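Right, one structure below, let's go through it.
A quick note: this is a predicted structure, and the numbers were derived from the prediction, not measured. All heavy atoms count here, side chains included; hydrogens, waters and symmetry mates do not. All residue numbers in this chain count up from 1 along the given sequence.
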Amino acid sequence: AAFCLNLPNHLRSSHRRPAAATAAAPLPFSFLTTMAQTQQHAGDRRRGLSDMDGVDSFMKLVEQKVKAKDSQGHKRKAAAEAIAKAYQEEYCQHWEEDQEKPYQGAQPLLLRHPQIASVEETEKVTAVACKTLTQLIESSSKVHIRIAHDAKQSPLARELLEGSVETTNDLKEEPFLVSLARDTWHSMAFTELPAAPPSAERLLIYIGSPSKYLSMSIKSYKGRFDDAYGEGRLVVICKGGCMLPLGSQEQNIFGIDEHEVLRTIVEVCKAKGSFAWGHGPNCKQQILSKLYGCPEGTSLPSPLNYDNDQEESAHTIDYLVDFVKYMNQVKQAKPDLPVSNYYDTGLLVSVLTGSLVDANVSLLSDRDGLAMLRESSIGHTMSKLSQLLTVKPYSEHRGVYNFFTGDGACRLNGGVEMALDLMENYKAKSMVTMFILNNHKWAIEDNLVADTFEAHRLYNQSFYDLIQRHDNIVACDNDAELRETIANLSRRAEAYARGEAKACLNIVIVRGLDVELPPVIGDTEGIRKSSEMAFLKDVLSKFSEGCGSEVPLYGCSAFEYIQYLHQFLDMPEGKKYQYICAKSDIQAGQMCGMEQPDGKAVLFINDVYGLNSLGESLRAVLSGFGGKQLLVFIWHPSLTRLIDHFHLHRPPMVWPNMGPQLAKYFVRKDADALFVDFEGEATAEKAGKQVKGAIAEGKSLMLVNMLPEQERSYVSLDIRVKTG
């Protein structure tokens with residue numbers, strides 16, 4: 001009670017939602033306002049993290065004013081927005097079908113049922129892959145092998161790297177190259193990343209798991225993969241599968257023994273002659289010692305000093321780049337000290353990773369950090385934070401760990417509440433900093449529709465106002481405050497590396513960092529006239545008949561369907577629905593199974609994320625003796641480019657289609673449920689009649705599988721390849 005009495009007035013109000021006039025996102029910080037006035041919500045002067053002498057790091061800012069950005073500052077802001085725009089454009093959905101090319105070649109496997117190759121099947125497909133690769137390598141005058149980070153554990157991959165020869169020759173003229181893929185570089189400490197060796201006109205063999213989101217984060221693969229694929233010279237070897245030229249087109253082969261395939265590559269390459277180290281002369285030993293051993297250390301770098309900083313010429317993201325660069329220098333000085341950064345999924349964090357790549361600075365992550373970027377699993381960093389601080393021996397060893405997450409991702413897997421729990425009972429020996437990029441919104445999907453769903457706003461102003469009163473938490477409302485915080489953290493890290501500072505967990509809330517993006521709307525008229533939209537209007541208008549209230553339409557992660565949803569809600573049929581955007585896919589899955597205003601609900605989910613809690617709702621809907629109807633639409637990503645074969649949250653070259661199969665486990669008889677595949681215009685009328693009939697019959701569950709374009713209107717032919 002005493003604590004509540006000390007809260008500022010606007011935090012002592014009732015729990016009612018603020019009026020519309022005050023519900024908008026906070027206004028940007030005014031450069032005319034003194035920093036001493038900016039924390040009116042806390043009732044006292046702005047407070048920063050204390051330094052090692054107990055001095056408030058914001059003391060020097062009391063009488064300073066935030067400076068307006070000059071032309072260079074605006075250029076830095078534009079550079080950040082260019083990174084965000086490039087990231088956003090990766091999600092533009094389009095389908096370009098080559099009518100002159102009836103044989104489609106490599107396609108992601110839409111996996112409706114588990115397919116696990118037997119030992120005999122693995123032997124056969126491995127023989128095909130090995131035979132094909134032998135022919136490809138022997139017939140190629142130039143070959144480039146790239147080793148990804150998740151392949152470095154292979155003794156054969158290491159043999160290739162260690163057996164390569166450094167050369168001063170022009171690498172473009174070398175017939176055979178072996179090099180590290182870009183993700184591998186971002187697992188090591190570098191403040192100046194080397195250029196990637198040439199791949200043009202070469203047979204490009206990639207050993208490891210590519211990833212769409214990781215490639216977006218570190219700006220890799222795209223051009224090289226696309227060119228090599230289009231010219232029939234791309235080979236990708238993953239665990240249990242590969243992509244390679246077979247006949248006249250690239251094909252995917254599943255069930256291979258990746259070790260045997262890699263062994264074949266090594267043997268054939270050795271027979272061809274020596275391989276050149278693809279990163280230039282006089283660096284191989286140093287790089288491989290970083291990758292496989294423990295290199296010699298250097299002297300610790302001086303902490304960051306911004307006494308002569310011109311904040312008006314910088315952008316907020318620049319200070320975070322400075323900090324990551326400094327962490328690379330600490331790791332270079334203390335190679336035996338674990339130093340690692342973890343980056344969550346989201347627009348602002350992707351701007352940070354893109355800015356690091358532009359600055360040629362390593363992300364300095366590790367196997368788990370790269371796997372998180374490969375997965376694009378929102379909130380994943382929070383689970384890693386918990387593991388490092390609770391699981392032995394990680395919690396008992398010294399280390400420096402930094403976590404970068406948006407306020408949207410931070411809601412998941414415990415987020416700040418979990419961090420506070422760990423902070424209050426802190427027993428770990430690591431120095432940990434959690435950066436939360438607080439821009440009061442989430443979902444880049446909004447830029448696909450030129451609008452912001454109200455449900456994508458985050459009303460967390462008062463929450464972060466409140467927790468920053470903790471001694472280990474600071475909110476930076478402007479660049480000057482972030483600059484001083486970064487400098488303070490660098491001093492702490494330097495002292496910790498020398499053994500002179502205590503282990504701790506701090507939270508830094510970064511406010512005011514946002515990007516302005518033009519909408520990527522695409523062909524809205526095409527969407528409005530599509531067979532998908534006609535199907536939605538037909539089926540959903542039937543489903544809402546007789547309802548006295550707007551029917552809840554639940555969803556969350558909406559990349560696959562937001563453009564259809566946005567257009568539908570603007571149509572007469574859509575006015576009978578209320579879109580409820582849950583705070584997580586799990587929450588959406590749970591809410592759709594609860595009691596509804598008229599006993600009816602619709603759930604939009606994608607093929608992977610949305611299945612987390614579907615079983616709970618299916619049990620709720622299918623229990624009892626009626627009174628509930630649930631209409632589920634499962635949406636899939638679009639195959640718009642090569643990298644979509646390696647889509648986030650999915651195995652390489654495979655798109656699991658688990659939803660219909662999962663739902664069937666909860667159904668006991670045909671009269672209770674309907675399962676329909678929507679295959680576009682060819683089957684839209686038939687599927688519509690089936691769903692409307694099930695609605696009229698009162699079936700409890702209707703599940704519509706909205707198949708992706710490449711799975712519609714095709715015939716699969718029997719193609720046979722000799723194994724030897």
Side-chain angles (χ1 to χ4, degrees), residues 24-31 66-93 212-220 222-223 309-325 343-361 363 373 376 378 404-409 435-453 456-458 476-483 486 509-522 559 562:
L27 293 174
F29 183 84
S30 170
F31 67 90
V66 179
K67 299 176 182 178
K69 297 298 181 185
D70 60 15
S71 59
Q72 181 60 26
H74 288 298
K75 287 181 180 178
R76 296 300 304 137
K77 182 175 185 291
E81 290 179 346
I83 294 171
K85 186 173 185 293
Y87 168 79
Q88 166 195 286
E89 287 175 346
E90 290 289 338
Y91 286 101
C92 296
Q93 296 191 17
K212 179 172 183 173
Y213 188 79
L214 180 60
S215 73
M216 292 158 56
S217 298
I218 63 176
K219 300 185 178 182
S220 64
K222 193 163 64 173
D309 179 57
Q310 295 180 315
E311 66 183 76
E312 65 273 21
S313 299
H315 184 260
T316 309
I317 212 79
D318 295 330
Y319 297 108
L320 297 175
V321 170
D322 287 348
F323 182 72
V324 174
K325 185 175 182 179
Y343 305 86
D344 216 304
T345 299
L347 180 60
L348 292 183
V349 176
S350 295
V351 172
L352 171 59
T353 58
S355 299
L356 288 166
V357 172
D358 282 354
N360 252 355
V361 175
L363 272 61
L373 290 175
S376 181
I378 187 169
F404 298 90
T405 179
D407 51 358
F435 292 88
I436 302 173
L437 310 184
N438 176 213
N439 68 340
H440 308 281
K441 61 186 178 183
W442 65 285
I444 189 180
E445 299 101 298
D446 291 345
N447 292 97
L448 299 177
V449 296
D451 200 0
T452 299
F453 280 119
H456 286 171
R457 291 190 184 277
L458 294 176
C476 302
D477 281 3
N478 52 69
D479 288 353
E481 292 178 351
L482 178 60
R483 177 193 67 199
I486 292 294
I509 304 160
V510 182
R511 283 174 163 164
L513 175 59
D514 206 354
V515 290
E516 298 176 6
L517 292 174
V520 183
I521 304 174
F559 286 112
I562 192 170

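- Looking at every heavy atom in both residues, V321 comes nearest to S355 through CG2-CB, 3.8 Å.
- Pairing each heavy atom of V361 with each of K325, the nearest pair is CG1-CA, 3.9 Å.
- A donor-acceptor pair under 3.5 Å links the side-chain atoms of Y343 to the main chain of L363, judged by distance alone.
- The OG atom of S376 sits 7.5 Å away from the CE atom of M216 when rounded to the nearest 0.5 Å.
- Under the 3.5 Å distance criterion, with hydrogens and angles disregarded, a donor-acceptor pair is assigned to the side chains of S350 and Y213.
- Considering CZ of F435 and CZ of F404, their distance stands at 5.0 Å, rounded to 0.5 Å.
- Residues D407 and H440 approach most closely at OD2-N, 2.8 Å, considering heavy atoms.
- Within the 4.5 Å cutoff, the side chain of I83 has no heavy atoms near those of the E81 side chain.
- Between the K77 side chain and the H315 main chain, no donor and acceptor come within less than 3.5 Å of each other.
- Contact check for L214 versus I218: side-chain heavy atoms found under the 4.5 Å cut-off.
- Expressed to the nearest 0.5 Å, how far CG of N438 lies from CG of L348 amounts to 10.0 Å.
- Residues L373 and S217 share a closest heavy-atom pair of CD2-OG, 3.9 Å.
- In this structure, I486 and L320 have side chains that are in contact, with non-hydrogen atoms separated by less than 4.5 Å.
- A heavy-atom distance below 4.5 Å is not found between the side chains of T405 and L437.
- Of all heavy-atom pairs spanning T316 and D479, the tightest one is OG1-OD1, 2.5 Å.
- Q310 CD: 12 or fewer foreign heavy atoms inside a 6.0 Å radius.
- Rounding to the nearest 0.5 Å places CG of L513 at 9.0 Å from CG of L347.
- Rounding to the nearest 0.5 Å places CG of D70 at 10.5 Å from CD of E311.
- Between atom CG of residue D358 and atom CD1 of residue I317 there is a gap of 11.0 Å, rounded to the nearest 0.5 Å.
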